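For the numbers below, each heavy atom of this structure counts, side chains included, while hydrogens, waters and symmetry mates do not. Note that this is a predicted model, so its numbers are computed, not measured. For the single chain, residues carry numbers from 1 onward in sequence order.
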Amino acid sequence: MQVIETLAEGLKREIKVVIPAKDMEVKMNERLADVKDKVRINGFRPGKVPAAHLKKVYGKSIMADLVNEIVREQPTAILAERGEKSATQPEIAMTEDKDEAELILAAQKDFEFTLSYEVLPPIELKSVKGVKITREVVDISDEEVNEQVLKVAESARSYETKKGKAADGDRITMDYLGKVDGVAFEGGTDQGAELVLGSGRFIPGFEDQLVGTKAGDEKTITVTFPADYPAKNLAGQEATFDVTVKDVAAPADVEINDELAKKLGLESADRLKEIVRGQIESQYGSMTRQKVKRQILDQLDEMYKFETPASLVEAEYNGIWNQVANDLAQSGKTFEDEDTTEEKAREEYKKLAERRVRLGLVLSEIGEKAGVEVSEDEMQRAIYEQLRQYPGQEKQILDFFRSQPGAAASIRAPIFEEKVIDHLLTEIDVTDKKVTKEELLADEEGEGSEKETKKAAPKKKAAAKAEASEGEEAAAPKKKAAPKKKASEEGAE
């Protein structure tokens, strides 16, 4: 077998592989000898089939199997012998001429194919001893915990039916039918719907018109859907809702005590406060972690400059751009709405894709040298979290992970990355800094490439999701179309 390098330009490689026809014939004859005693052909005793006849019957199929084995196995062996790692699966090209292919299968012509691929660039790791980062830390006050506990209590507040008119803060139970131009629209109907007036759950103007109603009242409400309403057929449209008020209930007083805790399935108010404090700590801890990681990535980005495989960058860019395009389609906005152009946006996102790929390769090399591994237990926990997000679809998700080779890698990669960050935190200089929650949660506009880029991003939400270094939000199931606001505006219900 001849292996000839025909292209070595930057990270691009092209290899021509030639296997002489005589060598292919030798391999074919060896296979024919192996099957000679196993095949059954009418008119011949077992093991007595002439070689020429055996070749005539099985020669082409055996040669086809040999060709498939070679193109399946040799690329890996060739790269290993060359000491190279391919950025993506090498592209294999063979003749498409039928006559030429027939000659190869008949062992009358050399079998040739080419491998085209990009090599992963060599990365010489640098010391991180001089890297310094600041870890922002927030002290959680009892006052903040009590505020959150109060919100929990209010969400669990009980209501008692009252006589008279509904006021802000009262809960009404109603049936409604929504219409646009006199025609009912999908998702605009509900029965027994509960709404706390003043909660802001429904679109502007809807709740205000229910103040002063009482049980048994029938009222037609006229509202206009917001211009950015997710359902495009309703966005900006004037609509009427025929509402029948079934019940008006006044809120009971909110008390934070053991009885409330037991109502929530906890043993005491102290336990409730403990859990709420833990949730706040987790929220702030995630933000602290994100900012710490961003600082590390920014400094690694300054330390490492090398050519990145175009194939990896293109795949990363396509993923980012598809996400941005989907967000644009949902919002109905354009690049011009944010004082930019598609060309400028594509340029900025291409830079982001290059950075992500480069940092991914650096983190991979650091993790490999440090012996970072993802355990099976960690993988199982991550997959379980995926299953929890899609109740009722567990079997389909498990089948997906089993059938798609890259699916497990998509789960493993972020776990590996976080473990590499943990490793780096043991080697770099970390200084804790006490900050307020407002300072911690403030956008770091203008810092790092994981930031939002105003000119590039047609929509901040799109940019933030595309550029988030970690913790990307999962898509939430859609709620009823009307008259509720978008899910992002509703908050906890």
Output yes when a side-chain donor or acceptor of [X] lies under 3.5 Å from a complementary backbone atom of [Y], and no otherwise.
| X | Y | answer |
| --- | --- | --- |
| Lys305 | Asp301 | yes |
| Lys434 | Asp139 | no |
| Thr288 | Glu136 | yes |
| Asp429 | Val131 | no |
| Arg358 | Thr308 | no |
| Asp337 | Thr334 | yes |
| Gln299 | Lys132 | yes |
| Ser282 | Gly278 | no |
| Arg13 | Ser86 | no |

Ignoring hydrogens and geometry beyond distance, is a side-chain donor-acceptor pair present between Glu84 and Tyr117 at under 3.5 Å?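 Yes.
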Practice prompt. Using distance alone, with no hydrogens and no angle criterion, decide if Glu378 and Ser375 have a side-chain donor and acceptor under 3.5 Å apart.
Written response: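 Their side chains do contain a donor-acceptor pair, which is all the 3.5 Å distance test asks for.
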Please give me the minimum heavy-atom distance between [X] and [Y], naming the atom from each residue.
| X | Y | value |
| --- | --- | --- |
| Val357 | Pro309 | CG1-CD, 4.4 Å |
| Ile411 | Ala382 | CG2-CB, 3.4 Å |
| Ile366 | Val420 | CG2-CG1, 3.9 Å |
| Glu365 | Leu125 | CG-CD2, 3.7 Å |
| Leu440 | Lys291 | O-NZ, 2.7 Å |
| Phe335 | Leu328 | CZ-CD1, 3.6 Å |

Checklist line | Derivation and outcome, side-chain contact (heavy atoms from CB on, under 4.5 Å), residues Glu373 and Glu368 | finding: CA-CA 8 Å; Glu373 294 182 351; Glu368 185 176 334; over 6 Å; no
- Query: Yes or no on side-chain contact (heavy atoms from CB on, under 4.5 Å) for Ile70 and Met24, after CA distance, side-chain angles and deciding distance?
  - Reply: CA-CA 10 Å; Ile70 289 169; Met24 295 291 290; 3.7 Å; yes
Exercise for review: Look at the rings of Trp321 and Tyr317 and say which category their plane angle falls in: under 30° parallel, 30 to 60° tilted, over 60° perpendicular.
Suggested key: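 It falls in the parallel class, under 30°.
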A side-chain contact here means heavy atoms from C-beta on lying under 4.5 Å apart; do [X] and [Y] qualify?
| X | Y | answer |
| --- | --- | --- |
| Val137 | Tyr284 | no |
| Thr340 | Glu348 | no |
| Arg402 | Leu398 | yes |
| Glu102 | Lys60 | yes |
| Val138 | Val435 | yes |
| Arg388 | Tyr384 | yes |
| Arg356 | Ile320 | yes |
| Val128 | Ile296 | no |

Salt bridge or not for [X] and [Y], using N-O below 4.0 Å?
| X | Y | value |
| --- | --- | --- |
| Arg355 | Asp298 | yes |
| Arg346 | Glu342 | yes |
| Glu439 | Lys433 | no |
| Arg289 | Asp422 | yes |
| Arg381 | Asp377 | no |
| Lys350 | Glu347 | no |

Neighbour count >12 (heavy atoms, 6.0 Å) for atom [atom1], [X]:
| X | atom1 | answer |
| --- | --- | --- |
| Glu385 | CD | yes |
| Gln396 | CD | yes |
| Glu274 | CD | yes |
| Glu336 | CD | yes |
| Glu438 | CD | yes |
| Asn68 | CG | yes |
| Lys369 | NZ | yes |

Exercise for review: Using the salt bridge (charged side-chain N to carboxylate O under 4.0 Å, His left out) rule, collect all pairs that involve residues 111-129, keeping only residues at least two apart or in two chains.
Suggested key: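 Residue pairs passing salt bridge (charged side-chain N to carboxylate O under 4.0 Å, His left out), neighbours aside: Lys16-Glu112.
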Rounded to the nearest 0.5 Å, what separates atom [atom1] in [X] from atom [atom2] in [Y]?
| X | Y | atom1 | atom2 | answer |
| --- | --- | --- | --- | --- |
| Leu115 | Ile92 | CG | CD1 | 5.5 Å |
| Ile275 | Gln148 | CD1 | CD | 14.0 Å |
| Leu11 | Leu120 | CG | CG | 8.5 Å |
| Glu316 | Leu352 | CD | CG | 7.5 Å |
| Asp327 | Gln323 | CG | CD | 6.0 Å |
| Gln386 | Phe401 | CD | CZ | 5.0 Å |

- [ ] Show the numbers, then the answer: is there a side-chain contact (heavy atoms from CB on, under 4.5 Å) between Met94 and Phe111?
- [x] CA-CA 9 Å; Met94 298 182 288; Phe111 173 44; 3.7 Å; yes
One pair to check against salt bridge (charged side-chain N to carboxylate O under 4.0 Å, His left out): Glu354 and Lys351. What are the steps and the verdict? CA-CA 5 Å; Glu354 290 172 358; Lys351 291 178 182 177; over 6 Å; no
Test side-chain contact (heavy atoms from CB on, under 4.5 Å) applied to Glu417 and Lys293, step by step | CA-CA 10 Å; Glu417 182 172 300; Lys293 181 177 178 181; 2.5 Å; yes
For this session: Start with the C-alpha gap between Asp399 and Lys395, add the side-chain angles, then the distance that decides, and say whether salt bridge (charged side-chain N to carboxylate O under 4.0 Å, His left out) holds.
Result: CA-CA 6 Å; Asp399 288 344; Lys395 184 179 183 303; 2.9 Å; yes
